[in-house]
Peer 1: 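If you scroll down you'll find the structure; I have some questions about it.
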Amino acid sequence: MLKLQDILMAQERIAGKILRTPIMRTQHPSVEQEKIFLKMESFHRTSSFKERGALNTIIQLDSNQKKIVATSAGNHSQAVSYHGTKSGFDVKICMPTYTPLTKILATESWGAKVHLEGETFSDAMVVGKQMAEDERAHFIHAFDDLRVMAGQGTVGLELLAQLPELELIVVPVGGGGLASGLAVAVKESNPDIKIIGVQAANCDLVSQLVKGASEKDLEHSHKSTIGDGIAIKTIGQYTIPVMQKYLDDIVTVTEEEMAEAMVYLLHSSKVLLEGAGAAAFGAIMANKVKTNGRKTVAIASGGNVDLTLLSKVIQKSLVKRGRQTSIELMISDRPGGLNELTTVIAQLGASILQIHHERSAIDVPFYETSVKLKLETKGPEHLQEILAGLKEKGYVIRQ
């Protein structure tokens, strides 16, 4: 099992070769006087904590064997690619065939050669391990490796130095490399500090195991999640026992809770995080973790978010907050009918983002046309004012 001494030695190895990430304060959205610290692991060169474990492992490899193979669909691949290539190794990364192009290009940009293998992460893992064996290369596991776990644990040592009065840590959990390493570093130094793990509800196998379920009883459901960095199907043989011993609790967050945290931190703190990176703070926002005034740190584990996904997250948040809405109504099909409607909308203070009118639909009466509008508003109260104003002008809303 991982020991504190392993993490202390890892800290010495990577000192000066990796960023000592800062902490920053952000306002709790629902408790005005309470502030939460964020440990900004997204500030690393490849935008995630994964660099710690990758570098600690690479430093210890036999330099005469200059090949590395890893399997990952995300941040681990970039970390190994960057530090492996920088250290003079030939790096190959096996990724599932469904991996988004942005992640493939990012990994290649750090110097690795990417191989797309298998439909799932597990398929790619089998191919990656076989490739490493065939080519006599070092295989670096994304989380279930004591060297990787020790490297990730340096996050905990930094926190103890940065916040001596720290009382609570909230950490995202995927395979558990970060959570287990951090837990050993912190609990072996100060067992009074509480540590709570956070998993995506759509992929919570580790949560079930840590809470006592047997592998035989696990519900092997796995749905898509915006927290892809913590979406793990394989179980860590080294990480699970550590988390069972040291974590005080583990909770799950929904897709909406991660998305809300992403948008809140982007707006309030100008911090861009991926779904997994925002999961810890999302658990606090959703009151899944109650801080109760304790000095608390949420680990902002990564910031590699696909721009298309980010756009969807922001758009859905705007709709939820009443900042955007879609409505459908009927207007006269005579000349000037559409102009009258847009004039009323402008007078009510809304902006038209999209407009579509349909004359030929079966349920549209002759001499009328259906108009679908996407509007930008100032918020829920303004939206109600707009709807009331349209009805006052005689428009029938088909929303």
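Counting from 1, the numbers follow the sequence of the chain as shown.
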Peer 1: With no hydrogens and no angle check, is any side-chain donor or acceptor of S269 less than 3.5 Å from a backbone partner on V271?
Peer 2: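 Not at all, since once roles are kept as given, no pair shorter than 3.5 Å links the two residues.
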
Peer 1: According to the ring pair (Phe, Tyr, Trp, His ring centres under 6.0 Å) rule, which pairs have a member within residues 138-175, sequence neighbours left out?
Peer 2: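 Pairs touching residues 138-175 that pass the test: H141-F143.
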
Peer 1: Is there side-chain contact between T325 and V319, with at least one heavy-atom pair below 4.5 Å?
Peer 2: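 The answer is no, as the side chains (C-beta and beyond) never meet within the 4.5 Å cut-off.
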
Peer 1: Just list the side-chain donor-acceptor pairs under 3.5 Å for residues 276-291, sequence neighbours left out, or say none.
Peer 2:
| residue | atom | partner | partner atom | Å |
| --- | --- | --- | --- | --- |
| K288 | NZ | T252 | O | 2.9 |
| K288 | NZ | E257 | OE1 | 2.9 |
| K288 | NZ | E257 | OE2 | 3.3 |
| T291 | OG1 | E34 | OE1 | 3.3 |
| T291 | OG1 | E34 | OE2 | 2.0 |

Peer 1: Under the side-chain hydrogen bond (donor to acceptor under 3.5 Å, both in side chains) definition, can you give me all pairs with a residue in residues 147-162, not counting sequence neighbours?
Peer 2: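 For residues 147-162: K39-E158, K39-Q162, R52-T154, R52-E158, D145-R147.
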
Peer 1: Where the side chain of S81 meets the backbone of A112, is there a donor-acceptor pair that is under 3.5 Å apart?
Peer 2: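 Indeed, once roles are kept as given, a pair shorter than 3.5 Å links the two residues.
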
Peer 1: Just checking, any donor-acceptor pair under 3.5 angstrom between side chains of T239 and S180?
Peer 2: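 No - no donor-acceptor pair under 3.5 Å links their side chains.
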
Peer 1: Using a strict threshold of under 4.0 Å (side-chain N to carboxylate O), is an ion pair present between D62 and R136?
Peer 2: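 Salt bridge between R136 and D62, a charged N being under 4.0 Å from a carboxylate O: no.
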
Peer 1: Does the pair S207 and Q199 meet the rule for a side-chain hydrogen bond (donor to acceptor under 3.5 Å, both in side chains), with working shown?
Peer 2: CA-CA 7 Å; S207 171; Q199 273 214 298; 4.7 Å; no

Peer 1: Do any pairs count as a side-chain hydrogen bond (donor to acceptor under 3.5 Å, both in side chains) and have a residue in residues 380-391, sequence neighbours left out, and if so which ones?
Peer 2: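 Not a single pair qualifies under side-chain hydrogen bond (donor to acceptor under 3.5 Å, both in side chains).
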
Peer 1: Kindly write out the residues that satisfy salt bridge (charged side-chain N to carboxylate O under 4.0 Å, His left out) with K67, not counting sequence neighbours, or none if the list is empty.
Peer 2: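 Testing K67 for salt bridge (charged side-chain N to carboxylate O under 4.0 Å, His left out), a comparison that skips the adjacent residues, returns none.
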
Peer 1: Could you check if a side-chain atom of S326 sits within less than 4.5 angstrom of a side-chain atom of K372, using non-hydrogen atoms only?
Peer 2: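 Sidechains of K372 and S326: no contact.
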
Peer 1: With sequence neighbours excluded, tell me which residues meet side chain to side chain donor-acceptor pair (under 3.5 Å) with E133.
Peer 2: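 Once residues adjacent in sequence are excluded, E133 has no partner under the side chain to side chain donor-acceptor pair (under 3.5 Å) criterion.
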
Peer 1: Tell me if a side-chain donor or acceptor on T377 pairs with a main-chain N or O of G322 at a distance below 3.5 Å.
Peer 2: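 Yes, because the side chain of T377 sits within donor-acceptor range (under 3.5 Å) of the backbone of G322.
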
Peer 1: May I ask you to test the M330-I397 pair for a side-chain heavy-atom distance under 4.5 Å?
Peer 2: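 Side-chain contact under 4.5 Å: no.
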
Peer 1: Is any side-chain heavy atom of S268 closer than 4.5 Å to a side-chain heavy atom of Q27?
Peer 2: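 No, every pair of side-chain atoms sits at 4.5 Å or beyond.
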
Peer 1: Mark yes or no for whether S317, through its side chain, and V313, through its backbone, hold a donor-acceptor pair below 3.5 Å.
Peer 2: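 Judged by distance alone, no pair lies under 3.5 Å.
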
Peer 1: With a 4.5 Å heavy-atom cut-off, do K129 and V69 have their side chains touching?
Peer 2: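 They are not in contact (no side-chain heavy atoms under 4.5 Å apart), so the answer is no.
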
Peer 1: With a cut-off of 3.5 Å and sequence neighbours excluded, list every side-chain donor-acceptor pair involving residues 295-305.
Peer 2:
| residue | atom | partner | partner atom | Å |
| --- | --- | --- | --- | --- |
| T296 | OG1 | R294 | O | 2.9 |
| N304 | ND2 | T46 | O | 2.9 |
| N304 | ND2 | N75 | OD1 | 2.7 |

Peer 1: Taking atom NZ as the centre, does K316 end up with more than 12 heavy-atom neighbours from other residues, nucleotides or ligands that are less than 6.0 angstrom away?
Peer 2: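 Not more than 12 within 6.0 Å, no.
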
Peer 1: So, for I240 and G236, which heavy atoms are closest and what is the spacing to 0.1 Å?
Peer 2: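 In terms of heavy atoms, the two residues are closest at CG1-O, 3.1 Å.
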
Peer 1: Is the closest side-chain donor-acceptor distance between S47 and S42 under 3.5 Å?
Peer 2: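 No - no donor-acceptor pair under 3.5 Å links their side chains.
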
Peer 1: Has K187 got a side-chain atom pairing as donor or acceptor with I193's backbone, closer than 3.5 angstrom?
Peer 2: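 Pair found, side chain donor or acceptor close to backbone of I193.
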
Peer 1: May I have the step-by-step check of side chain to side chain contact (heavy atoms under 4.5 Å, CB included) for K113 and E108, ending in yes or no?
Peer 2: CA-CA 6 Å; K113 184 175 182 181; E108 290 178 334; over 6 Å; no

Peer 1: Using distance only, find each side-chain donor-acceptor pair of residues 339-348 under 3.5 Å and give its atom names and separation, not counting sequence neighbours.
Peer 2:
| residue | atom | partner | partner atom | Å |
| --- | --- | --- | --- | --- |
| E340 | OE2 | R334 | NH2 | 3.1 |
| T342 | OG1 | L338 | O | 3.3 |
| T342 | OG1 | N339 | O | 2.9 |
| T343 | OG1 | N339 | O | 2.8 |

Peer 1: Out of curiosity, D134 CG to M131 CE, how far, rounded to the nearest 0.5 Å?
Peer 2: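 So the CG of D134 and the CE of M131 are separated by 8.5 Å.
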
Peer 1: Evaluate the side-chain proximity of Q78 to K50: yes if any heavy-atom separation is below 4.5 Å, no if none is.
Peer 2: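 No, side chains not in contact.
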
Peer 1: So, E255 side chain and I226 main chain: donor-acceptor pair closer than 3.5 Å or not?
Peer 2: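 Answer holds: yes.
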
Peer 1: In a check of side chain to side chain contact (heavy atoms under 4.5 Å, CB included) between M95 and each of V114, T71, V127, which one passes?
Peer 2: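 So the option named by the test is V114.
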
Peer 1: Is the closest side-chain heavy-atom distance between P96 and E117 below 4.5 Å?
Peer 2: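 Side-chain contact under 4.5 Å: no.
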
Peer 1: Are V171 and V198 close enough, and set up right, to give a side chain to side chain contact (heavy atoms under 4.5 Å, CB included), and what steps lead you there?
Peer 2: CA-CA 6 Å; V171 56; V198 180; over 6 Å; no

Peer 1: Say you draw a straight line from CD of Q65 to CG of D90; how long is it, rounded to the nearest 0.5 Å?
Peer 2: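 If we round to the nearest 0.5 Å, Q65:CD and D90:CG are 12.0 Å apart.
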
Peer 1: For L182 and I169: C-alpha separation, side-chain torsions, deciding distance, then whether side chain to side chain contact (heavy atoms under 4.5 Å, CB included) applies.
Peer 2: CA-CA 9 Å; L182 181 149; I169 300 172; 4.0 Å; yes

Peer 1: Judged by modelled atom types alone, do S370 and E328 share a side-chain donor-acceptor pair under 3.5 Å?
Peer 2: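 Indeed, the side chains of S370 and E328 share at least one donor-acceptor pair under 3.5 Å.
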
Peer 1: At their closest point, which heavy atom of G197 faces which heavy atom of V173, and how far apart are they?
Peer 2: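 Scanning both residues, the minimum pair turns out to be CA-CG2, 3.7 Å.
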
Peer 1: Do the non-hydrogen side-chain atoms of L375 and Q324 ever get within less than 4.5 Å of each other?
Peer 2: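 A side-chain contact under 4.5 Å is absent here.
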
Peer 1: Linking I/L/V/M/F/W/Y whenever any side-chain heavy atoms sit under 4.5 Å apart, do L159 and M24 land together?
Peer 2: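 Per the 4.5 Å side-chain linkage, L159 and M24 are not co-clustered.
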
Peer 1: Counting N and O atoms only, with roles assigned by atom type, does the side chain of N56 sit under 3.5 Å from a partner on the main chain of V148, one being a donor and the other an acceptor?
Peer 2: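 Looks like no, no N/O pair under 3.5 Å.
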
Peer 1: Could you list the residues that satisfy side chain to side chain donor-acceptor pair (under 3.5 Å) with K194, not counting sequence neighbours?
Peer 2: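 For K194, no residue satisfies side chain to side chain donor-acceptor pair (under 3.5 Å) once neighbours in sequence are set aside.
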
Peer 1: Under the 3.5 angstrom rule, does the side chain of D306 hit a backbone N or O of L309 as a donor-acceptor pair?
Peer 2: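 Indeed, once roles are kept as given, a pair shorter than 3.5 Å links the two residues.
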
Peer 1: State whether the side chain of S311 and the backbone N or O of L307 hold a donor-acceptor pair below 3.5 Å, judged by distance alone.
Peer 2: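 Between the backbone of L307 and the side chain of S311 there is no qualifying donor-acceptor contact (under 3.5 Å).
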
Peer 1: Please lay out, stage by stage, how V251 and D204 fare under the test side chain to side chain contact (heavy atoms under 4.5 Å, CB included).
Peer 2: CA-CA 9 Å; V251 300; D204 67 340; over 6 Å; no

Peer 1: Can you give me the closest heavy-atom contact between S72 and S77, atom names plus distance?
Peer 2: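 Nearest pair, atom of S72 first, then S77: OG-N, 3.3 Å.
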
Peer 1: By the ring pair (Phe, Tyr, Trp, His ring centres under 6.0 Å) test, which pairs, at least two apart or in different chains, include something from residues 294-351?
Peer 2: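 Passing the test, one end in residues 294-351: no pairs.
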
Peer 1: Ignoring hydrogens and angles, tell me if any N or O in the side chain of D6 forms a donor-acceptor pair with the backbone of A150 under 3.5 Å.
Peer 2: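 Judged by distance alone, no pair lies under 3.5 Å.
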
Peer 1: Please say whether more than 12 non-hydrogen atoms of neighbouring residues, nucleotides or ligands are located less than 6.0 Å from CE in M9.
Peer 2: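 At most 12 heavy atoms, drawn from other residues, nucleotides or ligands, come within 6.0 Å of this atom.
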
Peer 1: Please report the closest heavy-atom contact between I59 and I14, naming both atoms and the distance.
Peer 2: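 That closest heavy-atom pairing would be CD1-CG2, 4.3 Å.
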
Peer 1: Hey, could you give me each pair passing ring pair (Phe, Tyr, Trp, His ring centres under 6.0 Å) that has a residue in residues 223-246? Not counting sequence neighbours.
Peer 2: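 Applying ring pair (Phe, Tyr, Trp, His ring centres under 6.0 Å) to every pair that reaches into residues 223-246, excluding sequence neighbours, yields nothing.
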
Peer 1: Which residue pairs pass the ring pair (Phe, Tyr, Trp, His ring centres under 6.0 Å) test with at least one member in residues 51-98, sequence neighbours excluded?
Peer 2: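 Residue pairs with at least one partner in residues 51-98: Y82-W110.
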
Peer 1: A quick test of your reading: do over 12 heavy atoms of other residues, nucleotides or ligands sit less than 6.0 Å from NZ of K66?
Peer 2: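 Yes.
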
